[in-house]
Amino acid sequence: MRRLAAIAAMSLIATATACGVGSSAGSGVYTTVDGAKQIDATAPINPFNPQGNTFLGYDAMTLAWPKNDPVDRNRFYPGLAASWSATPDQGEVVIHLQPDAKWSDGKPVTSEDVRTSIGLAYTQGGTAYAVDPKAAGSAADVRVVDAKTLKVTQGASKSNLFLRNVLSTVVVPAHVFGKLLPPGFWTTLKTARGTGPEAEKAKAQVTGLAQKVISFAPAEDVSAGPFVLERVNPGEALLVRNKHFFASRNIAPERVKVLNYTGNQQIWNYLIAGTLDSAPFTATPSGVLNRIRQTDGNEVVKGFSPVAVSLAFNQTRKPYDNVHVRRALAYLINRAQVTKVASPEAGTPAQTTTGIHAASAKSWLGGDGMAGLDPYRVDPAKAAKELEAAGMTKKDGRWLKPDGTPWRVEIHVPASFSDWVAAAKAITSQLNDYGVDAAVLTAADYTLYLDELAAGNYDIGFWLMALGPSPYNIYQRIYGSANGWQLLAGRLTRVPPGTQGNWMGGPETVGGVNPGALTNRLNVAGPDEQRRIVGTLAKLTNEQLPVIQLYDYVNTQFVSTTRYTGWPRTDSDVLRLPAGVWMQLGMIKKAGR
Amino acid sequence: MTVTQAPQVLPAPVSPRRNFWRGVARVLRRKPSRMAGVAIVGLFAFLGVAGPLLYPNPLPRDDNALYAAPSWAHPFGTDFEGTDVLALVVTGTRYVLLAGLATAVITVALGTTIGLLAGFHRGRWDTVLMRLTDLQLTIPGLPLLLVLSTVWKFTSPIEMGVVLGVLGWGGIARAVRSQTLSLRERGFIEAARGLGLPTRHIIGRELLPSMAPYIAMNMLIAVTGAIYAQVGLFFLGVLPFDANNWGVMLNLAVFGGGALTSAAALPYLLAPLLAILLLTLGIVLVVDAMDEIFNPRLREE
């Protein structure tokens with residue numbers, strides 16, 4: 001009898017477990033991972049802390065969510081702001097908050113919350129909230145018009161990124177975070193935006209608050225998003241529905257579980273086990289991708305990702321200061337083969353080197369603009385001519401430098417980026433086939449890699465580029481601080497090659513064109529002028545090849561239709577936003593309803 | 001009657017060296033596994049010397065066979081570039097063996113010299129050398145290597161071996177010192193000292209030969225340790241990229257090919273793993289044979 005009871009109990013447990021695993025949508029749980037960070041259970045519930053236990057789109061809210069548009073950076077979905085307006089030069093931005101927005105403790109979200117959040121953002125510096133009055137695109141004044149309306153004015157040094165940066169402000173509750181701003185903070189900030197010793201002192205006071213803000217640990221989460229953090233442990237964070245969320249009717253899941261991971265392998269295994277309802281972009285080899293697809297309900301959604309990878313040259317080092325050598329290498333690299341080896345699922349071979357992702361390039365340059373560029377198709381004969389023009393000679397099947405010494409191409413990559421390592425290896429194999437002695441050298445980690453790159457210790461290294469959609473951000477990767485153009489106090493200066501992080505070391509002007517100045521101009525130019533500048537820079541980049549564009553990334557995401565439906569389609573403009581935003585927009589529904 | 005005395009036929013003198021090799025052959029024959037061990041080590045030694053000559057340089061690639069499954073043409077499939085994995089393992093043997101041997105030689109040379117000097121001289125020598133040994137033993141090898149790898153690229157296997165050797169002699173030094181302390185009290189050492197023989201003679205001719213078997217076995221074990229250490233470092237991705245390095249292959253199979261998640265890159269992972277396993281097994285079996293060859297008590301049994 002006792003045995004029977006035990007068997008019955010075991011059966012009950014087994015049934016309950018089976019139900020628990022198979023019907024998490026029934027219990028309203030949505031499981032995902034945070035692509036931006038791993039979970040640190042000891043970190044505070046604070047969005048200003050890089051490791052903070054707040055999750056954008058779920059319990060951390062911005063004023064609006066940028067659409068994934070290849071060209072227009074000023075298209076948004078509403079967040080805590082229901083609507084907004086900006087003057088043509090973006091000198092003044094007026095924000096109207098959601099009328100029903102409330103914090104999870106029931107208090108309304110007001111303009112004062114946004115103002116406090118902006119004040120806290122000033123302590124961290126950057127984007128629209130730099131203390132320096134001359135910094136381009138910095139807010140000069142924040143004025144509360146009424147409880148739900150706010151006006152933010154841009155300083156004298158204007159940037160057309162201002163609206164985007166203001167709308168990206170993460171809003172925190174003033175009744176929780178407000179005490180971090182000392183009395184008289186706004187007066188101090190005003191002083192800091194002036195000049196002279198008083199201003200310097202005030203500046204130090206404002207930025208001196210940074211650490212206090214980062215380390216602030218509220219006792220509990222107070223969220224204006226669709227969820228609020230209930231608990232966090234080293235394995236996962238659990239968020240529960242915020243019943244006060246202004247668009248609560250759009251939210252299908254009752255709870256969200258954000259799982260921790262230590263590497264891509266763990267995310268792959270979660271996906272193969274069918275654990276995740278969605279996962280952000282994760283580098284995945286073809287074999288693993290096929291295995292993930294075999295799991296019932298799993299689907300792959302692909303979209304535009306404004307990122308490309310390139311081979312960047314240190315032009316302070318010979319022979320890479322010679323454009324003929326750079327062009328020769330471009331003619332020897334088979335980009336399609338490199339992409340096939342390195343990133344077949346999440347990359348498309350670059351059509352040519354423009355500095356821009358192919359999807360954006362079509363819009364910026366048009367068919368005519370693209371036709372005027374050299375596609376750098378594989379052509380060993382042209383490469384040989386270029387190398388000879390650079391004074392190189394071939395002996396016993398190997399190319400030698402003009403002084404007769406052996407030429408060895410060393411390509412540096414961080415060891416942890418497996419697609420870059422594979423791409424670099426594929427390139428060296430191709431170059432060796434054509435008589436160029438080439439080798440891959442790895443750096444232990446990405447931080448060390450960037451340090452060594454900035455110190456000018458590498459001849460050639462892999463470099464992320466085309467970080468759009470803003471054209472300024474795109475070309476700033478090639479003609480920005482890495483190439484010697486520094487924007488300090490609103491003034492563009494050029495530092496000598498090989499110093500102060502100028503590791504690319506390109507010439508200041510080419511044929512009378514100053515690419516750094518043109519790039520900086522993109523910050524303030526209108527649409528027509530931007531198009532002209534982008535055309536000029538694309539042509540210059542194609543001719544001079546400070547980098548060789550290898551492949552453009554494709555945003556490859558994973559969703560499961562087992563428990564939820566309504567996922568974004570391929571090339572949807574929400575694909576780069578967190579799944580919490582998809583929920584806010586009412587896209588995600590429980591399966592079978 | 002004349003008695004003709006038949007000439008006495010003496011057995012042909014057998015040199016100790018010949019006796020030794022006969023003993024070796026007998027010990028090896030006693031257990032087939034030992035023969036297998038010698039064969040495995042011999043095979044890897046051959047691959048180390050002639051492996052790169054067996055394949056064209058650079059190794060052929062096939063864009064249409066990336067991560068190809070095992071076949072007659074590619075017994076362990078192909079890698080991310082469509083290169084035969086077996087060819088990578090074979091051509092990569094030289095680096096692994098050279099680094100392993102360099103490590104073993106340095107480990108044993110340093111460890112034995114320091115252990116012998118400390119144990120024989122005792123007193124201040126012993127104190128200084130053993131504190132030095134303790135210091136070496138307390139240095140965490142792997143973290144130090146990780147830091148060193150940021151400034152030193154270890155492009156040659158000898159460089160790798162030197163660093164691993166310099167970081168690994170402490171254990172042998174301590175063991176050799178213990179043996180020396182025991183041996184120096186024996187009669188033959190007492191006699192040698194009584195005869196006034198120089199220290200160099202006593203250490204080199206009396207003590208060292210008695211410990212040679214022990215040192216030789218330690219040397220082989222040091223080779224396996226060095227293989228694990230260097231392959232581990234390459235696997236962590238902190239050392240230079242070389243497509244046919246076994247550790248790099250493991251790294252790329254796991255992190256680039258997802259070998260622990262999907263079957264596509266599994267042969268790419270298994271090939272270097274099997275090579276490491278086989279080489280270690282071969283060395284362990286040879287050490288087993290050496291133990292019996294040099295240990296009279298085991299030989300009698």
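Convention: sequence-line order gives letters A, B, ...; per-chain numbering from 1. These figures come from a predicted structure and were not determined experimentally.
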Quiz item: Counting only N and O atoms by type, is there a donor-acceptor contact under 3.5 Å from the side chain of A:K425 to the main-chain atoms of B:A243?
Solution: no
Self-check item: Flag if over 12 foreign heavy atoms under 6.0 Å of NZ, A:K394
Solution: yes
Quiz item: What do you reckon, is CZ of A:R377 surrounded by more than 12 foreign heavy atoms closer than 6.0 Å?
Solution: no
For residues [X] and [Y], report the shortest heavy-atom separation together with the two atoms involved.
{"X": "B:G256", "Y": "A:P285", "answer": "O-CG, 3.0 Å"}
{"X": "A:W268", "Y": "B:G258", "answer": "CZ3-CA, 3.5 Å"}
{"X": "A:Q265", "Y": "B:V254", "answer": "NE2-O, 3.7 Å"}
{"X": "A:G287", "Y": "B:A264", "answer": "CA-CB, 4.1 Å"}
{"X": "A:S418", "Y": "B:F255", "answer": "OG-O, 3.5 Å"}

Quiz item: With only heavy atoms counted, which part of A:S429 is less than 4.5 Å from chain B, the side chain, the backbone, both or neither?
Solution: both
Quiz item: Measuring heavy-atom distances to chain B, does A:D419 have an atom under 4.5 Å in its side chain, in its backbone, in both, or in neither?
Solution: neither
Practice problem: Side-chain contact test, heavy atoms from C-beta onward, threshold under 4.5 Å: evaluate it for A:D433 versus B:R61 and give yes or no. | Solution: yes
Quiz item: Checking heavy atoms, do the side chain of B:Y67, its backbone, both or neither come under 4.5 Å from chain A?
Solution: neither
Exercise. With a 4.5 angstrom heavy-atom cut-off, could you sort out which part of B:N64 is near chain A: side chain, backbone, both or neither?
Key: both
Practice problem: Mind checking the CD1-OG spacing from A:I272 to B:S262? Nearest 0.5 Å is all I need. | Solution: 7.5 Å
Self-check item: Distance, nearest 0.5 Å, that separates CG of A:L289 from OG1 of B:T261
Solution: 12.0 Å
Self-check item: Heavy-atom pairs under 4.5 Å with chain B, option from A:R291, A:K340, A:E452 with the top count
Solution: A:K340
